[in-house]
Amino acid sequence: MALSWNEIKDRAIRFSREWEGESSEKAEARTFWDQFFDVFGVSRRKIASFEKPVKKLDDSTGYIDLLWKGTILVEHKSKGKSLDKAYKQALDYFPGLAGYELPKYVLVSDFARFRLYDLETDSRLEFELKDLYRNIKEFGFIAGYQKHVFREQDPVNIRAAELMGKLHDRLKSVGYDGHPLEVYLVRLLFCLFAEDTTIFERDQFRDYIENKTHGDGSDLAQHLSHLFYVLNTPPEKRLTNLDEDLNAFPYVNGKLFDETLPPASFDRAMRDNLLECTGLDWGKISPAIFGSLFQSVMNPAERRNLGAHYTSEKNIMKVIKPLFLDGLWKEFETVKNNRNQLIRLHEKIASLRFLDPACGCGNFLVISYRELRLLELGILRTLQMGQQLSDIQERLKLDVDRFYGIEIEEFPSQIAQVALWLMDHQMNMQFSEEFGQYFIRLPLRKSPNIVCANALRLDWQSLIDPIPWDKKEARFDYIFGNPPFVGKSLMNAAQKADMERVFTGVHGAGVLDFVTAWYLKAAKYLTTPHDPALAPAQTRCAFVSTNSIAQGEQVGVLWNELFNRYHIKIHFAHRTFKWSNEARGKAAVHVVIVGFADFDTREKRIFEYHDINGEPHESVVSNINPYLVEGKDFVVLSRNRPLANVPELIYGNKPVDGGCLFFTPDEKAKLLEKEPLATRFFKRILGSEEYINNIERWCLWLVDVNPAELRTFPEILKRIEGVRKARLSSSKQATVKLAQTPTRFAEIRQPASDFLIIPRVSSERRNYIPIGLLPKSFIVNDLVSIVPNGNHFLLGILSSIMHMTWVKYVCGRLKSDYRYSNSIVYNNFPWPENPTDKQKQAVEQSARRVLEVRERYLHPASDGNPESSSNFQIFKSSNHSSLADLYDPLTMPPDLVKAHQELDRAVDLCYRPQPFPNETRRIEFLFESYDRYTAGLFATKKGRKDREG
């Protein structure tokens with residue numbers, strides 16, 4: 001058992017007094033260092049050796065004064081000798097050491113002075129013998145107390161993944177695979193952590209392998225099997241004649257070593273590999289990335305990509321701080337001067353239950369447990385008030401059994417459990433250091449409640465055993481996590497089946513992403529009938545999700561259900577930010593975090609990101625709507641007609657022609673060589689791709705063409721026959737019927753006047769969707785939408801940042817691109833209610849100015865007047881700009897930016913007397929305006945009983 005810091009301090013003072021002024025002969029060094037290690041409660045003979053011979057670079061043999069393999073090298077000199085030379089001499093020994101023997105520290109001394117070099121941090125500390133007691137914590141690694149500075153991409157993490165990966169691959173190559181291999185590696189990883197974090201004696205696992213097994217590895221598996229058995233056996237039940245070194249290992253319990261595994265097999269290289277693993281300092285690897293490390297082990301392609309499965313602590317804190325941590329710390333600050341209330345707070349946090357229903361390797365649970373233990377530390381520190389804590393074990397109340405997780409894959413669920421145990425041990429070490437008492441929970445008597453199951457099919461309440469004597473109902477207090485980011489088009493068959501099961505009876509659920517199932521499942525849990533005889537438990541939830549759940553058509557389906565059926569209230573929200581796991585080669589995802597419950601709260605918080613890569617700005621608001629801005633609880637649902645008195649938006653013409661009516665410029669030219677009189681049948685056709693990128697494409701437009709005339713063009717007849725055959729081959733009866741009219745597009749909606757053209761899909765990178773005003777001579781296909789009878793006022797409003805703000809919030813997405821629709825975006829857009837003629841003219845003038853600037857770049861030879869060309873930003877030679885060029889935020893010309901800014905101001909003034917300062921104020925105003933347009937349509941259903949917490 002490790003000594004407390006108070007005991008170590010007393011021993012250090014006695015040691016210094018005994019050796020101060022003593023002989024300076026180096027011959028006494030052995031006694032000096034034996035006693036030095038004894039200060040920290042460690043027997044030097046068990047961990048370090050004197051006079052280890054090594055080959056130096058010049059092929060001579062040197063002798064290391066003292067070496068603790070993988071930890072510290074000591075070079076001792078007579079009193080008054082140069083410590084700089086001693087350090088150089090120590091470094092000269094390094095080439096002769098094996099990789100796992102290389103030390104992390106070098107200590108040089110001359111009896112009177114100590115100089116400690118930390119090779120990992122490239123730092124050094126020097127002090128005199130009499131001051132040893134002041135510096136004992138710098139040698140905490142000897143006693144088992146270590147400073148832990150965790151970095152997600154720390155080289156030790158990468159190296160650990162590589163070494164364990166090699167072992168994994170080799171075991172798998174000899175036929176040791178599947179579940180046994182996973183459990184075997186988890187056990188080995190636990191042992192590696194254990195000997196570097198005081199669960200085992202320092203280097204106990206390495207020494208056992210090194211001293212008890214053959215160099216060729218032939219008996220290593222047998223010894224490891226014995227070790228695993230011993231770790232699962234209480235001392236009183238072990239064989240009385242058990243090997244002394246084996247019997248020295250502690251009883252772990254916790255079911256980690258409970259299962260009997262098939263025997264493995266090792267060779268020399270595998271044994272060397274495992275020994276090299278023991279040379280790493282596993283105490284420097286945070287349990288929070290324990291699981292991520294192992295998932296990278298299981299996938300060779302990701303071993304150098306450790307962050308691939310890791311959710312950074314910074315992002316986890318964005319979930320747990322507003323969900324529960326901030327509130328608990330606030331309560332601590334309120335009651336810390338009242339001892340009785342502080343004790344009740346301690347009891348309260350120990351009684352809380354936490355569930356991550358998509359826990360993976362347990363990152364959210366591990367970080368949450370650590371943060372709550374730190375709060376417990378603050379509570380005990382305050383209760384102690386400078387007094388000696390009598391029995392730390394009796395005062396600690398938090399344990400891992402209040403943490404629950406559901407994970408669909410077996411291996412991560414095992415990792416999550418072990419990671420929580422390791423974090424518990426790490427926190428126990430921190431408590432030991434704080435209060436001067438060594439405390440370790442061995443054997444493990446309580447376990448995290450991690451189950452391998454499908455969270456969307458499992459009854460979450462079934463994880464909690466009934467506790468009839470509880471004063472409140474035994475339910476989860478907090479449910480949180482990071483459910484899978486799987487878009488609706490990427491779900492596999494099993495995931496689609498789960499969605500159908502969860503969303504049974506919900507109209508339109510086919511548009512929803514996979515993560516939404518956790519929202520509805522949580523809502524059902526929140527509103528499950530409570531036992532009326534018990535005080536109700538107020539459960540709060542928070543999930544990380546792709547930002548699609550707060551945009552477009554998904555909002556109407558999901559939140560309409562959550563609001564009206566389950567009476568959900570949003571308590572806090574992080575608006576869109578970049579969820580980056582810092583893994584090389586991993587694309588970041590744009591996400592939101594939504595905290596919610598089935599009761600209301602007075603103080604709601606929105607975290608807004610002006611830079612999605614930066615830090616958020618927090619605002620306290622009265623209510624948060626499902627678009628994650630301040631506003632009433634409503635959703636924008638599909639509408640058949642516009643809210644305002646404006647022309648309808650319709651799709652372009654739908655060809656269904658098998659490509660037979662379409663021509664590239666070369667194809668058109670070749671046909672006209674044969675049939676030059678056919679030129680009058682050709683029309684320029686535009687879809688979103690052709691319009692934005694100015695791709696030249698033509699179509700045969702044969703509306704109202706005389707059949708007799710058509711028969712004189714055999715090449716065109718071949719194309720018409722191609723259309724007929726393509727339609728006849730369709731599996732859809734309606735398409736087959738269209739084969740009767742092969743000269744016509746399947747659906748014709750060609751306007752008879754000038755019209756607005758809006759690409760149905762546009763990049764989210766653009767600050768504006770490049771909407772245009774075109775003459776009727778252009779044919780459009782159904783990849784664009786059009787507004788017949790378009791004019792410059794309509795163009796100005798739709799080309800403004802006001803309309804783009806609406807698009808960002810309510811538009812559906814195709815991947816991350818905007819998918820503009822009439823039923824959700826256009827028909828629900830709150831147009832200016834009563835703009836004056838002067839305001840309209842200002843918008844029209846600004847819209848014309850935007851077109852003029854565009855024209856200057858699209859047609860450099862023109863006079864800049866869009867009316868002088870066919871308007872119009874379409875025909876260009878290959879060296880001219882396209883709308884894609886003009887609206888790329890990196891290449892958008894300054895004069896076009898200025899023209900849009902002038903248009904934005906003119907449109908703003910149609911809504912209110914002063915411009916809007918930012919996007920948030922715009923969307924809040926638009927939602928208020930939408931609410932006025934639709935007054936009464938989304939009122940809360942009668943009978944709802946809001947509870948406030």
Side-chain angles (χ1 to χ4, degrees), residues 179 182-183 186 254-256 287-288 290-292 294-295 309-311 316 319-320 323-324 352-369 399-421 423 446-467 474-486 491-492 494-503 513-528 537 539-545 593-597:
H179 170 77
E182 294 174 352
V183 177
V186 170
K255 298 183 179 179
L256 176 58
F290 182 91
S292 308
F294 240 88
Q295 281 195 275
H309 296 279
Y310 179 65
T311 303
I316 293 173
V319 176
I320 67 175
L323 181 62
F324 60 84
L352 297 174
R353 290 185 178 86
F354 301 83
L355 169 66
D356 183 345
C359 71
C361 292
N363 294 344
F364 277 78
L365 296 172
V366 168
I367 297 300
S368 297
Y369 184 68
D399 211 332
V400 294
D401 61 322
R402 309 296 284 194
F403 287 74
Y404 299 74
I406 307 171
E407 168 54 38
I408 197 167
E409 296 183 19
E410 179 190 13
F411 186 55
S413 67
Q414 294 176 356
I415 290 292
Q417 181 168 257
V418 175
L420 275 162
W421 275 325
M423 180 56 79
K446 293 184 178 180
S447 300
N449 297 281
I450 311 295
V451 299
C452 178
N454 184 336
L456 298 182
R457 293 179 179 264
L458 181 70
D459 177 6
W460 295 356
Q461 184 63 22
S462 67
L463 273 64
I464 303 178
D465 291 329
I467 306 177
R475 290 176 66 81
F476 294 113
D477 296 277
Y478 300 100
I479 299 172
F480 56 97
N482 180 16
F485 296 162
V486 183
M491 285 185 280
N492 59 36
Q495 290 167 336
K496 289 178 181 177
D498 288 339
M499 287 289 287
E500 290 175 4
R501 181 186 180 96
V502 174
F503 283 95
D513 289 346
F514 195 41
V515 67
T516 59
W518 273 262
Y519 280 82
L520 189 57
K521 182 83 172 179
K524 291 176 180 179
Y525 178 85
L526 296 178
T527 54
T528 300
T539 304
R540 292 173 168 86
C541 305
F543 292 128
V544 183
S545 318
I593 299 171
V594 183
F596 60 96

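Note that this is a predicted model, so its numbers are computed, not measured. Residues take their numbers from the sequence shown, with the count starting at 1.
With hydrogens and angles disregarded, a donor-acceptor distance shorter than 3.5 Å links the side chain of N449 to the backbone of D401. Here the side chain of T539 pairs a donor or acceptor atom with the backbone of F476 at under 3.5 angstrom.
Two residues are said to be in side-chain contact when any heavy atoms from C-beta on lie closer than 4.5 Å; Y478 and I320 fail this criterion. Proximity of Y404 to I464: side-chain heavy atoms (C-beta onward) are separated by under 4.5 Å at one or more points. Using a 4.5 Å heavy-atom threshold, the side chains of F543 and P357 count as touching. For the pair V418/V186, a side-chain contact is recorded, criterion being any heavy-atom separation below 4.5 Å from C-beta on. Two residues are said to be in side-chain contact when any heavy atoms from C-beta on lie closer than 4.5 Å; N363 and N482 fail this criterion. Residues C359 and F364 are not in side-chain contact: their nearest non-hydrogen atoms beyond the backbone lie 4.5 Å or more apart. You'll find the side chain of R501 stays beyond 4.5 Å of the side chain of L456, heavy atoms only. A 4.5 Å side-chain heavy-atom check between V515 and V544 finds every atom pair outside the cut-off.
Residue E409 holds its CD atom at 11.5 Å from CG of N454, rounded to the nearest 0.5 Å. How far OH of Y525 is from CD of Q461: 4.0 Å, rounded to the nearest 0.5 Å. Between the OG atom in S368 and the CG atom in L352 there is a gap of 11.5 Å [rounded to 0.5 Å]. With rounding to the nearest 0.5 angstrom, the OG atom of S413 is 9.0 Å from the CD atom of E182. To the nearest 0.5 Å, atom CD1 of residue I450 and atom CG of residue L355 are 9.0 Å apart. For the atom pair M499 CE and T516 OG1, the distance stands at 3.5 Å (nearest 0.5 Å).
Minimum interatomic distance between A455 and W460 (heavy atoms only, all atoms of both residues): O-NE1, 2.8 Å. Shortest non-hydrogen contact noted between K446 and D399 is CD-OD2, 3.3 Å. Q417 approaches S447 most closely through the heavy-atom pair OE1-CB, 4.2 Å. Taking all atoms of both residues into account, the shortest heavy-atom contact from A542 to V319 is CB-CG1, 3.9 Å. G481 and D356 get closest at one heavy-atom pair: CA-OD1, 3.6 Å. In terms of heavy-atom proximity, L458 sits nearest to A453 at CD2-CB, 4.1 Å.
Looking only at atom types and distance, the side chain of Y519 has a donor-acceptor partner in the side chain of S545 under 3.5 Å away.
D513 is linked by a salt bridge (Lys or Arg N to Asp or Glu O under 4.0 Å) to nothing, counting only residues two or more places apart in sequence or in another chain. For the side chain to side chain contact (heavy atoms under 4.5 Å, CB included) test, residues two or more places apart in sequence or in another chain that qualify with K524 are V502, L520, Y566. Under the side chain to side chain donor-acceptor pair (under 3.5 Å) criterion, E410 pairs with H179, Q414, sequence neighbours left out.
A tilted orientation is assigned to the rings of F480 and F324, their planes being inclined by 30° to 60°.
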